Amino acid sequence: MRERADGVDGARLSDLPKPKKTDDAEKSKEAVERFKLLKKDVRTIASQQLLRLEVAMCARRRWTPEVFRTFLVEHPLVRHLVQRLIWGAYRVQGEASYGGELLACFRVAEDGSFTTAEDDPFELPAGEDIRIGVPHALEISPADAGAFGQVFADYELLQPFAQIGRDTYVLTEDEKKSQKLERWKDATVPTGRVLGLVNKGWRRGEAQDGGGIWYFTKPLGPSRVIELYLDPGIIVGMVDEYPSRSSARCRSASPRAGATCRTPRRWTSSIRSRPAS
């Protein structure tokens with residue numbers, strides 16, 4: 001996502017044109033300052049929206065077709081990100097804004113229209129129970145992933161974050177029967193990567209005695225969370241005290257007092273020795 005200024009002749013410029021001698025010097029200076037602030041705001045908004053959409057994918061967040069079109073497809077900044085993702089039409093229960101049954105995948109073209117993996121026109125299904133969301137790699141069929149990947153390649157579109165080729169993980173039968181996940185027990189991870197989990201939908205645990213944070217959590221549906229325990233913990237204000245952390249274990253549990261959660265059933269793709277969602 002880049003900021004641009006439109007030239008008089010219709011050509012796009014990477015910066016504001018130089019003020020002319022006949023221009024008001026004070027207004028020209030104000031315009032330059034405003035443009036600098038705008039560029040800074042655009043970069044900030046872009047990074048925020050990238051995270052928002054990626055977390056929405058992992059959380060299986062859904063929007064009504066009206067909200068999707070107004071605040072995503074037609075948004076002057078976000079639409080550039082929207083056009084580089086695969087989208088899905090879902091049927092949900094009641095007025096749910098999460099989950100649902102994936103009915104079909106589509107993409108948003110440059111003119112705001114919807115198309116299939118074959119680049120044919122696509123119409124959203126009708127109904128009050130239809131929602132739109134970013135399908136996770138676990139939901140996209142290999143055929144759709146390959147076809148949409150080819151479309152993106154043909155149009156030279158790079159996805160803003162890993163969707164089609166995202167790494168995924170599946171629980172073993174024994175892991176499905178247990179509340180603990182220990183396949184990455186004692187895996188050593190740089191502290192910076194652990195702290196980076198907050199950009200992937202995880203939340204830092206509460207500081208305990210001595211100012212140490214010993215766990216991170218991630219919502220897992222309306223009544224469960226994943227808890228990632230660290231050894232040693234992270235000392236608030238002294239994050240460099242230990243350059244790396246070992247993941248002791250992950251477990252599924254009820255949320256702690258005051259916590260709320262509404263996120264993925266497909267949580268196995270979110271726990272990794274190299275923190276990412």
Side-chain angles (χ1 to χ4, degrees), residues 1-4 42-92 96-125 130-169 199-201 262-270 272 276-277:
M1 183 179 293
R2 295 182 178 178
E3 61 289 330
R4 288 186 178 272
V42 167
R43 295 189 187 100
T44 301
I45 292 172
S47 62
Q48 291 174 341
Q49 295 306 317
L50 277 175
L51 176 59
R52 173 193 172 205
L53 290 172
E54 187 172 15
V55 170
M57 177 185 70
C58 295
R60 308 187 75 218
R61 178 78 167 87
R62 311 294 178 232
W63 297 277
T64 64
E66 294 76 15
V67 169
F68 172 64
R69 180 171 287 282
T70 301
F71 295 101
L72 293 169
V73 176
E74 298 177 353
H75 192 283
L77 295 180
V78 180
R79 65 187 178 90
H80 299 288
L81 303 176
V82 170
Q83 293 167 11
R84 293 187 279 145
L85 293 169
I86 298 175
W87 292 88
Y90 293 83
R91 175 167 287 116
V92 300
S97 57
Y98 287 82
E101 174 192 0
L102 178 61
L103 303 178
C105 291
F106 65 95
R107 77 177 188 90
V108 179
E110 188 175 2
D111 61 0
S113 62
F114 305 148
T115 64
T116 66
E118 290 72 35
D119 225 10
D120 295 326
F122 175 80
E123 291 189 10
L124 295 179
I130 297 300
R131 299 290 184 273
I132 310 299
V134 184
H136 193 281
L138 288 168
E139 297 179 286
I140 303 172
S141 69
D144 276 346
F148 278 108
Q150 186 60 54
V151 171
F152 288 149
D154 291 342
Y155 285 102
E156 298 183 343
L157 297 173
L158 296 177
Q159 293 207 289
F161 53 80
Q163 181 190 24
I164 295 177
R166 196 177 192 86
D167 292 337
T168 59
Y169 300 83
N199 295 323
K200 301 293 184 179
R262 301 175 67 179
T263 319
R265 289 182 298 174
R266 301 175 180 273
W267 64 278
T268 53
S269 65
S270 299
R272 312 166 61 171
S277 68

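Residue numbers start at 1 and run along the sequence shown. Everything numeric here is computed off the predicted structure, so don't read it as measured data. The basis for the numbers below is simple: all heavy atoms, side chains too, and nothing from hydrogens, waters or symmetry mates.
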| said: My understanding is that only one of W87, W63, Y90 makes a ring-ring contact (aromatic ring centres under 6.0 Å, His included) with F68; could you say which? | reply: W87

Taking the side chain as every heavy atom from C-beta outward, state whether [X] and [Y] have any atom pair closer than 4.5 Å.
X    : Y    : result
Q159 : F148 : no
N199 : E54  : no
M57  : L85  : no

At their closest point, which heavy atom of [X] faces which heavy atom of [Y], and how far apart are they?
X    : Y    : result
L103 : R91  : CD2-NH1, 3.6 Å
P125 : I130 : O-CG1, 3.6 Å
V73  : R79  : O-CB, 3.1 Å
L124 : P65  : CD1-CB, 4.0 Å
A137 : I164 : CB-O, 4.3 Å
Q83  : E110 : NE2-O, 3.6 Å

Under the 3.5 angstrom rule, does the side chain of [X] hit a backbone N or O of [Y] as a donor-acceptor pair?
X    : Y    : value
Q49  : L81  : no
R131 : A96  : yes
R107 : A117 : no
R84  : L158 : yes
R166 : A162 : yes

| task | List the steps, then state whether side chain to side chain contact (heavy atoms under 4.5 Å, CB included) holds for Y155 with D119. | result | CA-CA 11 Å; Y155 285 102; D119 225 10; 2.6 Å; yes

| task | Starting from the C-alpha separation in whole Å, work towards a yes-or-no answer on side chain to side chain contact (heavy atoms under 4.5 Å, CB included) for H75 and V82. | result | CA-CA 9 Å; H75 192 283; V82 170; over 6 Å; no

| message | Going by ring pair (Phe, Tyr, Trp, His ring centres under 6.0 Å), name the residues that satisfy it together with F152, two or more places apart in sequence or in a different chain. | response | none

| query | What's the spacing between D144 CG and E118 CD if we round to 0.5 Å? | reply | 7.5 Å

| Parallel, tilted or perpendicular for F122 and F106, by the 30°/60° rule? | parallel

| Full working for side chain to side chain contact (heavy atoms under 4.5 Å, CB included) between I86 and I140 | CA-CA 9 Å; I86 298 175; I140 303 172; 4.0 Å; yes

| said: Working note: I132 + R69, criterion side chain to side chain contact (heavy atoms under 4.5 Å, CB included); need CA distance, chi angles, decisive distance, verdict. | reply: CA-CA 10 Å; I132 310 299; R69 180 171 287 282; over 6 Å; no

| said: Once side-chain hydrogen bond (donor to acceptor under 3.5 Å, both in side chains) is applied, do any residues pair with Q150, and if so which ones, sequence neighbours excluded? | reply: D154

| request: Please name all residues satisfying side-chain hydrogen bond (donor to acceptor under 3.5 Å, both in side chains) with D111, sequence neighbours left out, ordered by chain then number. | output: S113

